[in-house]
Undergrad: 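Sharing a structure with you now.
Hydrogens, waters and symmetry mates are skipped; everything else that's a heavy atom, side chains included, is used. Computed from a predicted model, the values in this text were never measured in an experiment.
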Amino acid sequence: INYEYNKLRTTSDLDRTFEAAAPFYYSKTNLTQELMDHNLSTNLNLSWRFNEQHRIEIMGGGSFNRAPNNITQQEDAFRSTPEGTAVDSALNNTTSTRSITDNFQARLSYDGQLGKEWSISSTVDYMRLNPHKYGNYSFAFSNRINPTQDFVFDYNMNDSTRANLWIGRADLTWNKKGNEIKGGIQYTDINTFYSILFDNNDVQLTGEDNWFKYQEQIYAVYGQWRGGLQNWKWRVGLRAEYSNTAGVDRQEETSGWSQFNYFPSAGLLFIPVENHIFRLTYSKSIQRVGFFGRSPYQFFTGLYTSFEGNPDLRPQITHSTDLTYILMRRYVFNAYYNEVFDYISQISELRGTLQTFRPINFRNTNYGISFTTQLYLSDWWQLSFKAEGKGIRTRGINQGEAFDNHSIYTNLALV
């Protein structure tokens with residue numbers, strides 16, 4: 001059982017200048033933040049060994065986080081000249097938030113030895129996440145030169161998530177004379193419900209109440225072979241999976257994505273003599289889309305900023321190749337090439353005074369070569385040297401327009 005308590009208070013004063021156009025406004029800002037949270041976590045582990053060949057283990061735990069009093073207060077006073085004392089206008093911004101997070105996780109696992117060459121292992125994992133955040137935001141602007149521009153804007157935002165995660169896995173391994181063959185199956189189920197509620201005096205600015213259900217199921221089978229012969233060592237693997245995602249929101253807008261894919265991986269190590277080592281690796285991997293990335297509605301993170309999900313966002317697929325040569329275990333030459341399909345990145349779009357952040361897919365390529373070495377000059381001195389060149393290319397479509405950026409970087413370091 002662990003308990004932690006944190007409290008932080010910060011204050012700052014800022015003098016700023018706005019010189020985009022006359023009358024060149026100046027402002028003085030006072031910012032105060034008070035943050036407080038306390039966290040409790042528990043963990044329990046029970047293990048039962050039948051004999052030297054069979055063992056069952058049960059693990060469980062929870063974390064309970066509370067942040068009941070987080071306040072940010074900002075006061076801005078604007079004037080037309082830096083020497084002047086008369087305030088033309090003022091802005092008061094107060095944010096008060098409190099959050100509750102209760103997370104639980106549990107695991108049941110079995111490990112067994114079947115004779116001298118075979119072993120089996122299986123696990124079932126469960127995780128439940130239940131974060132909740134409540135925020136009150138208030139903005140008050142007063143213009144002493146033109147009082148018709150005065151406004152008061154405030155709103156409350158209540159957002160919560162309930163997520164359940166199940167993972168079941170079973171592996172069978174054969175090991176004999178330096179050769180290992182491993183195969184297995186895995187099932188993953190992610191079920192998430194997100195809700196956001198607003199109470200404000202300007203629904204058009206903050207957005208409307210909404211909820212979003214999201215479920216992803218992944219079925220996978222995989223295998224791997226590790227072996228070696230004389231000066232050669234290798235690793236070859238393949239994972240095949242079928243994933244299905246589905247989402248729906250309050251307006252009955254649905255989104256979904258189904259995909260069958262395979263992920264090969266391979267590694268080859270060759271040591272012809274003691275002072276020469278060659279290594280070549282290749283892998284194909286996936287980065288799945290986070291829950292908020294596919295949420296089909298927009299919500300505001302501030303007075304002039306918002307986040308908007310992309311229901312058509314696709315998972316990110318990466319092909320990676322790496323070649324390394326090591327001379328005398330001291331001089332390292334490396335070359336790599338990575339091709340990323342449907343690279344996930346967040347872009348910013350300016351719509352009037354509103355800045356909206358939205359994730360999109362595009363294609364990303366990065367490659368490079370490098371040389372590094374370390375020399376021990378004496379018992380007290382060590383020399384490290386690195387020379388590197390790399391390139392990055394991104395291309396895709398954003399807001400209906402194609403883009404293609406290519407950058408080359410060089411780096412030389414001596415320490």
Undergrad: For Thr29 and Asp76, which I'm curious about, is there any donor-acceptor pair between the side chains at under 3.5 Å?
TA: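 The criterion, which ignores hydrogens and geometry beyond distance, is satisfied for Asp76 and Thr29.
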
Undergrad: Under a 3.5 Å cutoff, is there a donor and acceptor pairing between the side chains of Tyr282 and His319?
TA: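 His319 and Tyr282 do have a side-chain donor-acceptor pair below 3.5 Å.
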
Undergrad: Are side-chain N/O atoms of Asn191 and Tyr214 paired as donor and acceptor at under 3.5 Å?
TA: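 No, because no side-chain N or O of Asn191 sits under 3.5 Å from a partner of the opposite role on Tyr214.
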
Undergrad: Report yes or no: do Ser195 and Ser160 form a side-chain donor-acceptor pair below 3.5 Å?
TA: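 Their side chains do not contain a donor-acceptor pair, so the 3.5 Å distance test is not met.
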
Undergrad: If you measure only the distance, is there a donor-acceptor pair under 3.5 Å linking the side chains of Gln224 and Tyr222?
TA: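 The criterion, which ignores hydrogens and geometry beyond distance, is not satisfied for Tyr222 and Gln224.
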
Undergrad: Between the side chains of His132 and Asp102, does any donor sit under 3.5 Å from an acceptor?
TA: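 No, because no side-chain N or O of His132 sits under 3.5 Å from a partner of the opposite role on Asp102.
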
Undergrad: Per the side-chain hydrogen bond (donor to acceptor under 3.5 Å, both in side chains) rule, which among Glu241, Lys284, Arg239 passes with Asn261?
TA: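 When Glu241, Lys284, Arg239 are each tested with Asn261, the side-chain hydrogen bond (donor to acceptor under 3.5 Å, both in side chains) holds only for Lys284.
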
Undergrad: Answer yes or no: are there more than 12 heavy-atom neighbours, outside Ile347 itself, under 6.0 Å from its atom CD1?
TA: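 Yes, the 6.0 Å shell around CD1 holds more than 12 heavy atoms from other groups.
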
Undergrad: If only side-chain N and O atoms count, and only distance matters, is there a donor-acceptor pair under 3.5 Å linking Ser348 with Gln355?
TA: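 Judged by distance alone, the side chains do pair up.
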
Undergrad: Between Thr365 and Arg395, is any side-chain donor less than 3.5 angstrom from a side-chain acceptor?
TA: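 Arg395 and Thr365 do have a side-chain donor-acceptor pair below 3.5 Å.
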
Undergrad: Do the rings of Phe403 and Phe362 sit parallel, tilted or perpendicular, given the 30° and 60° boundaries?
TA: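 Perpendicular.
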
Undergrad: Please confirm whether Phe212 and Tyr194 have ring centers closer than 6.0 angstrom.
TA: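 Centroid separation for Phe212 and Tyr194: 6.0 Å or greater.
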
